[in-house]
Structures are given as C-alpha cells and as structure tokens.
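What's counted below: heavy atoms across the whole structure, side chains too, no hydrogens, waters or symmetry copies.
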Amino acid sequence: MQELILYVDSRFTSPWALSVFQTLTEKQLPFTLHTVDLDKGEQHRAPFRDLGPTGRIPLLVHGDLSLAESSAIVEYLEEAFPPPAWQAVLPGGLQQRARARQVMAWLRSDLMALRAERSTEVVFCAPTQAPLTAAGQAAADRLTGIAERLVKGEHLFGEWCIADSELALALNRLILNGDPVPERLRTYCAAQWQRDSVRQWVAKPRGQARG
C-alpha cells in the first residue's frame, strides 16, 4: 500500500479535517498525520503550498495524488478502500448514499451565521458567553429543525456513516456551548461523540485558545 499522509490544522478544530481523520481511522488505514499552523500562514508557504492548488486543509497525499476538499477525500477513500474489506463510511445503497452526500453538502454550504458565532472552538476548546444574534438564532433553528426531520433513530441511514458525525458536530456547536437543543438530538449527538475515532480527535492537544 502506498503511504497515506493527512495534513490538518495544528489546533485540530477543523470539522472537515475531522471527517477525513475519522474516515481513515474507521477504515483502520495506516497514515501519517502532519499539522499546518494556519495562524502562522504555513498553508501559504513551501512545502505545503506546493502540494495542492488551493492551499487548503485537510489535504490527503496518496502516492502521486494530492487531494483537498474533505468530501472529495472521503469519497476517494471509500472507493479506493471499499467495503467489505474496509469499514464503510458512506451508505451502500444508491439512494441512501445520495442522501448522505446531500446532508454533507448542506452542512458545508449553509448555516454561515451559526458557524461564525459558534465556531468549532466551542466544540473542541471552550464555550463562548456571547449570545446568538438574530441571524445566528435563525441558523440554529434551521439546523435543529432539519435535524429533527432527519434523525429517526440511532443513525441517519440505518448504519453509522460519516454524515452522522458531521451532523453531530454541527449540533454540538450548540449543545457543547450550553445552547438549547431538543433532548432527542442531544442523545443522538452524545452517541455519535462516543465513537473511538471521534474520541481520538477530541483528545488531540490544542494549545492556547485564540483570543
């Protein structure tokens, strides 16, 4: 097997880096983890700058391939290391997989006010005392409303998939900050957060919180 190298942010707060880290970990693929200090601009300097065209993390290097954008990396790893030989991270059925991709694309493209006011610093480092603005509260209501329609049981699509972890992280922007979230969704997120692949990420050292 060609070496797999994953580049992530040095504070381990990127939700999308977590998705790729979790995919590699769930599939039990050996990989080397490198960190990039975004605050110091290392993403704009060699050697990282020269690995990919966008200078974004996460970034996966696999042989001659350098691939950014977390959803593209997750799908590549699912196809390169498919079940049943490796753990599935996306649903197997055509329609269920499309629905999982829909959830993942939505979480990457929506809820901007909530993501700004409840950054993943509140998930991985410390909560904030700042109340949500009207726009932030509207985004929070949109998130919980859609999540209540999506979450019908332990997992979104019968078996665990990476979309479960991504939705749980979005909800944890509120839950772990002490913001109100329906109890059923809190229970769902708590179960997702107990996966060993998530716990490994949560345990990473993060240094001092940004002021």
Side-chain angles (χ1 to χ4, degrees), residues 1-2 4-6 8 14-31 52-54 56-112 114-115 120 139 142-173 181-182 184-201:
M1 183 185 298
Q2 292 177 309
L4 289 157
I5 304 172
L6 175 62
V8 303
S14 165
W16 317 129
L18 168 57
S19 291
V20 178
F21 175 90
Q22 190 173 11
T23 296
L24 289 162
T25 303
E26 291 281 347
K27 288 183 174 293
Q28 298 185 19
L29 293 166
F31 66 99
T54 62
R56 287 160 62 96
I57 59 94
L59 183 133
L60 181 77
V61 176
H62 186 210
D64 294 332
L65 175 69
S66 292
L67 187 64
E69 303 304 328
S70 58
S71 57
I73 299 171
V74 168
E75 292 195 26
Y76 169 75
L77 290 171
E78 186 76 336
E79 293 179 9
F81 304 98
W86 289 273
Q87 166 73 40
V89 299
L90 292 170
L94 177 64
Q95 292 188 0
Q96 296 288 64
R97 182 175 290 211
R99 291 189 178 105
R101 287 170 169 156
Q102 175 181 247
V103 170
M104 294 167 68
W106 165 59
L107 291 171
R108 285 162 172 75
S109 61
D110 200 353
L111 311 171
M112 297 305 180
L114 177 63
R115 289 160 61 180
T120 50
R142 176 170 169 77
L143 170 61
T144 55
I146 292 174
E148 285 196 288
R149 296 199 296 273
L150 289 172
V151 175
K152 303 300 183 184
E154 183 180 3
H155 303 300
L156 290 174
F157 306 107
E159 300 288 339
W160 174 84
C161 73
I162 199 68
D164 283 297
S165 294
E166 293 194 2
L167 179 59
L169 188 145
L171 289 164
N172 273 337
R173 293 175 185 267
V181 170
R184 184 167 65 87
L185 295 181
R186 298 174 76 93
T187 300
Y188 165 79
C189 290
Q192 305 306 324
W193 227 238
Q194 290 304 307
R195 293 190 76 84
D196 182 65
S197 53
V198 176
R199 292 168 69 89
Q200 288 186 43
W201 180 267

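With rounding to the nearest 0.5 angstrom, the CG atom of Asp164 is 9.5 Å from the CD atom of Gln22. Going from atom CG of Leu67 over to atom CG of Leu59 covers 7.5 Å, rounded to the nearest 0.5 Å. Remark: Arg115 CZ to Arg108 CZ distance equals 9.0 Å, nearest 0.5 Å. Rounding to the nearest 0.5 Å gives a distance of 10.0 Å between CG of Leu171 and CH2 of Trp193. The line from CG of Leu65 to CD of Gln2 is 9.5 Å long, rounded to the nearest 0.5 Å. Taking CG of Leu156 as the reference point, atom CD1 of Ile162 lies at 11.5 Å (rounded to 0.5 Å).
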Candidate pair Arg173 and Leu143, rule side-chain contact (heavy atoms from CB on, under 4.5 Å), full reasoning: CA-CA 11 Å; Arg173 293 175 185 267; Leu143 170 61; 6.0 Å; no

Residues Lys27, Glu78; criterion side-chain contact (heavy atoms from CB on, under 4.5 Å); working and verdict: CA-CA 9 Å; Lys27 288 183 174 293; Glu78 186 76 336; 2.6 Å; yes

Val74/Trp16 under side-chain contact (heavy atoms from CB on, under 4.5 Å): CA gap, chis, key distance, verdict: CA-CA 10 Å; Val74 168; Trp16 317 129; over 6 Å; no

CA sep, side-chain torsions, deciding dist, call: Met104, Ser19, side-chain contact (heavy atoms from CB on, under 4.5 Å): CA-CA 10 Å; Met104 294 167 68; Ser19 291; over 6 Å; no

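Taking the side chain as every heavy atom from C-beta outward, Leu90 and Glu75 approach each other to under 4.5 Å. Looking at heavy atoms from C-beta onward, Phe81 lies out of side-chain contact with Leu24 at the 4.5 angstrom threshold. When side chains are defined from C-beta on, Val198 does not count as touching Gln192, because their heavy atoms never get closer than 4.5 Å. Between Gln96 and Cys161 the shortest side-chain heavy-atom distance does not fall below 4.5 Å. For the pair Leu169/Leu107, no side-chain contact is recorded, criterion being any heavy-atom separation below 4.5 Å from C-beta on. Put simply, the side chain of Ser165 does not reach to within 4.5 Å of the side chain of Leu18, judged on heavy atoms. For the pair Thr25 and Trp201, the minimum side-chain heavy-atom distance is 4.5 Å or more.
The aromatic rings of Phe21 and Phe31 sit perpendicular to each other, their planes meeting at more than 60°, with 30° as the lower class boundary.
Closest approach of Leu111 and Ala139 over heavy atoms only: CD2-O, 3.4 Å. Looking at every heavy atom in both residues, Val89 comes nearest to Glu26 through CG1-CB, 4.2 Å. Considering all non-hydrogen atoms of both residues, Gly153 and Tyr188 come closest at O-CD1, 4.0 Å.
Around the CD atom of Gln200, the shell of radius 6.0 Å holds more than 12 heavy atoms that belong to other residues, nucleotides or ligands. Within 6.0 Å of atom CD in Glu148, more than 12 heavy atoms from other residues, nucleotides or ligands are found, so the atom counts as buried in its surroundings. Within a 6.0 Å radius of CZ in Arg101, other residues, nucleotides and ligands contribute more than 12 heavy atoms.
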